[in-house]
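Throughout, protein chains are lettered first and strands after them, A, B, ... in sequence-line order, and every chain is numbered starting at 1. As the structure is a prediction and not an experimental result, all values here were calculated from the model.
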2 protein chains.
Amino acid sequence: MQGAFRALADPTRRQILKHLSRHEMSIGDVANRFDITRAAVKKHLTILEEGRLISVTARGRERFNRLEPEGLKSAADWLGFFDRFWDHRLDDLKSAIENHEKKSND
Amino acid sequence: MQGAFRALADPTRRQILKHLSRHEMSIGDVANRFDITRAAVKKHLTILEEGRLISVTARGRERFNRLEPEGLKSAADWLGFFDRFWDHRLDDLKSAIENHEKKSND
DNA sequence: TCTATATGATACCTTTTGGTATTATGTCAA
DNA sequence: TTGACATAATACCAAAAGGTATCATATAGA
């Protein structure tokens with residue numbers, strides 16, 4: 001849980017997840033898509049792994065990083081606790097629109 | 001988006017959100033529930049506000065912090081992109097169980 | 001008005017984070 | 001075996017995070 005949110009806090013790591021959602025990639029593959037060094041990418045991948053957002057499999061001299069949605073799911077579940085709050089808010093918005101349809105651009 | 005995930009990365013801030021989900025609270029109210037100084041709590045609340053997870057309203061000499069689920073929703077929406085991955089994974093798990101029910105503890 | 005209280009604003013400290021550069025290790029392929 | 005390549009491991013650096021202590025400001029209430 002903590003590891004997952006920690007991993008998600010960095011925009012580069014979130015981008016990496018989007019890339020990995022298409023297909024698994026080696027560290028070099030990932031690094032080619034960013035302007036940072038392979039070493040920095042490796043650190044990000046380690047943090048993603050600690051957060052259980054990816055899993056890593058060695059194959060020959062390469063290590064393939066694959067999406068492992070377990071951590072993503074735990075984060076989504078945590079956020080799910082608050083669903084009711086924005087549901088209510090959407091209801092409020094809806095009735096506000098219905099009650100004030102006469103108003104124009106404001 | 002970025003602000004939301006940054007705000008969610010810290011466990012104290014996530015706890016604060018849970019508290020605020022019950023009712024709005026002043027800074028002092030929040031601080032009484034943690035072992036850190038009011039100044040530290042104030043910093044957390046500022047970061048939560050920057051991530052649009054709370055809104056603050058001054059009333060007299062107090063400032064009331066209220067849940068503002070907009071940022072939570074944007075984070076949940078981002079995670080929603082990956083729904084299909086853990087759905088598929090659950091399917092995989094299900095068929096794996098069905099196909100290998102004979103196996104015991106492994 | 002005077003005082004206690006709730007908060008704001010700084011300054012400062014330590015640890016973590018995101019990054020680089022460098023060196024070492026393991027593996028593929030000629 | 002040897003050279004090229006993919007990654008690992010370290011050491012190091014600057015900036016951000018999370019925290020404290022301190023002082024200033026504003027307001028509720030006697």
How many Å lie between [atom1] on [X] and [atom2] on [N], as a whole number?
X     : N      : atom1 : atom2 : result
B:L45 : C:dA9  : CG    : C1'   : 16 Å
A:F5  : D:dA17 : CZ    : C1'   : 18 Å
B:I36 : D:dA21 : CD1   : P     : 13 Å
B:R63 : D:dA28 : CZ    : P     : 15 Å
A:K42 : C:dT20 : NZ    : C1'   : 16 Å
A:K43 : D:dC13 : NZ    : C1'   : 10 Å
A:R38 : C:dG19 : CZ    : C1'   : 15 Å
A:R6  : C:dT16 : CZ    : P     : 10 Å

How long is the span from the NE2 atom in B:H44 to the CG atom in B:L17, to the nearest 0.5 Å? 11.5 Å
Would you give the length of the straight line joining atom CD1 of A:I47 to atom CG of A:L53, rounded to the nearest 0.5 angstrom? 11.5 Å
Reading nucleotides 22-30 of chain C 5' to 3', which nucleotides get B (base under 4.0 Å from a protein heavy atom), which S (sugar-phosphate only), which -? -----BS--
Salt bridge or not for A:D29 and A:R33, using N-O below 4.0 Å? no
Between A:D35 and B:F64, the residue closer to the 5' end of DNA chain C by nearest nucleotide is B:F64
Reckon [X] has a side-chain N or O less than 4.0 Å from the OP1 or OP2 of [N]?
X     : N      : result
A:H44 : C:dG19 : yes
A:S26 : D:dT7  : yes
B:T37 : D:dG19 : no

Donor-acceptor under 3.5 Å ([X] side chain, [Y] main chain):
X     : Y     : value
A:R13 : A:A7  : yes
A:N65 : A:M25 : yes
B:Q2  : A:A9  : yes

Of all heavy-atom pairs between [X] and [Y], which one has the smallest distance, and what is that distance?
X     : Y     : value
A:L67 : A:L20 : CB-O, 4.2 Å
A:L72 : B:W78 : CD2-CZ3, 4.3 Å
B:S55 : B:E68 : OG-OE1, 3.0 Å

Based on the rotation axes of five pairs at each end, what angle does the helix from C:dT1-D:dA30 to C:dA30-D:dT1 bend through, to 10°? 30°
